[in-house]
Amino acid sequence: MSATLKITDLHVNVGETPILKGVNLTIRQGEIHALMGPNGSGKSTLAYTLAGHPKYEITSGKIELDGRDISELDPCERARLGMFLAFQYPVTIPGVKVADFLRHAMTNVRNPERKEGAELMPMKEFRQELRQTMTELNIDHEFARRYLNDGFSGGEKKRMEILQLALLKPKFAFLDETDSGLDSDAVRVVSEGLAKLSGPQMGVLIITHHRKLLEYNVPQFTHVMLAGRIVETGDAKLAHELYSNGYAGVRERHPQEAAEEEAVKPKVVAGV
Ligand SMILES: Nc1ncnc2c1ncn2[C@@H]1O[C@H](COP(=O)(O)OP(=O)(O)O)[C@@H](O)[C@H]1O
Ligand SMILES: [Mg+2]
């Protein structure tokens, strides 16, 4: 049976400020969703909240995975249930090699009951799977010996994300991309990699400024966020229309949210 992630009337604060103001969204395994919206509309906030980042406080509403409310679970527990977030700004962990990190992550995700400090998956089995996957994805095997995210180029960060997706096989992946710092090589890596990996076993939410990503991974659903709410949902055509024409039309159709967006603008500037 395919899994379902259901977000109902989700309200999220950062500090005292309400950022998400009633988000409703359902993603099923196997579906590709694009989340679009102007800067500051709350897209990353939704991604971080789904991942369980402690800075984002759910003040009301629910996040359910197959009917189970997961909004109180920490990020590790969510990962064990099959959720995966590719962070907009991946962290650097000096001293940890790509292979060590992946072996830990794979062990945890595959043995949800594993206790901290218990044995990792066997080295031989891990190496074999890692090698095979890297070959399939055209990733240089030397990459696994690098330190995690240490001096990675945009393209290498994306290779890391795609490698994680391939090995962890999450039920739901949230990809939050910025337009800064991604060269065309990086965009190609993530576009082709995701297209190779997504399928009936993965539900994907893509937040991107790169049209190419959605050309390779055609979304069945495109959602538009404005001032902390999803105000419109369409298909892939809506995504392309927004890339071409921007958000003026969306603001016109949703004057209430557009006014709220204006109202928070000075705060956004002061908060940066
Ligand atoms: N960690 C944070 N600290 C302070 N303000 C934040 C934080 N995360 C988001 N915000 C605020 O929430 C609003 C939505 O931001 P964000 O979710 O990053 O939007 P988007 O990803 O759509 O550009 C902005 O006003 C932003 O300043
Ligand atoms: Mg963002």
Side-chain angles (χ1 to χ4, degrees), residues 5 7 9-25 27 33-61 63 71 74-75 78 83-91 154 157-158 161 172-182 186-187 190 194 204-214 217 219 221-234 238-239 241-243 245-251 253-254 256-272:
L5 182 75
I7 301 165
D9 197 26
L10 188 68
H11 287 69
V12 171
N13 277 16
V14 177
E16 295 292 299
T17 314
I19 307 291
L20 300 186
K21 300 172 199 167
V23 172
N24 294 292
L25 177 64
I27 305 175
H33 293 244
L35 180 61
M36 300 189 60
N39 275 338
S41 56
K43 305 180 299 294
S44 295
T45 299
L46 178 62
Y48 280 115
T49 305
L50 288 171
H53 192 296
K55 216 168 170 181
Y56 299 84
E57 186 204 347
I58 298 176
T59 53
S60 66
I63 306 172
S71 54
D74 69 35
R78 294 182 199 208
M83 294 172 64
F84 175 90
L85 179 89
F87 282 98
Q88 204 165 0
Y89 304 102
V91 285
K157 284 181 183 158
K158 294 294 128 184
E161 266 174 31
F172 295 99
F174 315 114
L175 305 180
D176 189 1
E177 309 289 332
T178 64
D179 38 356
S180 60
L182 279 198
V187 176
V190 69
L194 185 63
V204 188
L205 180 68
I206 304 175
I207 304 169
T208 187
H209 295 274
H210 300 283
R211 204 172 187 154
K212 188 164 188 165
L213 194 60
L214 298 184
N217 301 276
F221 304 94
T222 299
H223 310 279
V224 188
M225 197 173 246
L226 193 62
R229 288 185 204 101
I230 289 175
V231 293
E232 288 185 14
T233 293
L238 177 58
E241 185 196 305
L242 294 171
Y243 279 122
N245 303 328
Y247 293 99
V250 174
R251 290 188 173 105
R253 292 192 289 274
H254 303 278
Q256 189 196 326
E257 280 79 8
E260 287 178 31
E261 198 189 14
E262 280 305 315
V264 297
K265 255 189 188 151
K267 271 195 228 147
V268 175
V269 174
V272 172

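For ligands, and for the atoms within them, numbers begin at 1 and follow the listed sequence. Counting from 1, the numbers follow the sequence of the chain as shown.
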Quick one: does ligand 1 sit under 4.0 Å from the side chain of T45, the backbone, both or neither, non-hydrogen atoms only?
both
Can you confirm whether L213 sits close enough to I206 that some side-chain heavy atom of one is under 4.5 Å from a side-chain heavy atom of the other?
yes
Taking heavy atoms and a distance under 4.0 Å, where does K55 meet ligand 1: side chain, backbone, both or neither?
side chain
Whether H223 and F221 hold their rings parallel, tilted or perpendicular, with breakpoints at 30° and 60°
parallel
I need the atoms of ligand 1 closer than 4.0 Å to a non-hydrogen atom of S44, numbered in the order shown.
17 (O), 18 (O), 20 (P), 21 (O)
Under 2.8 Å from the Mg ion (ligand 2), can any N, O or S atom of T45 be found?
no
Where ligand 1 meets P38 - atom numbers and elements under 4.0 angstrom, heavy-atom basis
22 (O)
Min side-chain heavy-atom separation V231-Q256 under 4.5 Å
no
Could you tell me if the side chain of T222 sits less than 4.5 Å from the side chain of L214, heavy atoms only?
no
With a 4.5 Å limit on heavy-atom distance, are the side chains of H33 and L25 in contact?
yes
Polar atom proximity, G40 to ligand 1 (N or O, under 3.5 Å):
yes
4.5 Å side-chain heavy-atom contact, I230 and M225:
yes
Can you list the atoms of ligand 1 that are under 4.0 Å from a heavy atom of I19?
11 (C), 12 (O), 13 (C), 14 (C)
Quick one, N39 and Y247 - any side-chain contact, counting heavy atoms below 4.5 Å?
no
Would you say G42 contacts ligand 1, with heavy atoms under 4.0 Å as the rule?
yes
Honestly, for Y56 the part within reach of ligand 1 (heavy atoms, under 4.0 Å) is side chain
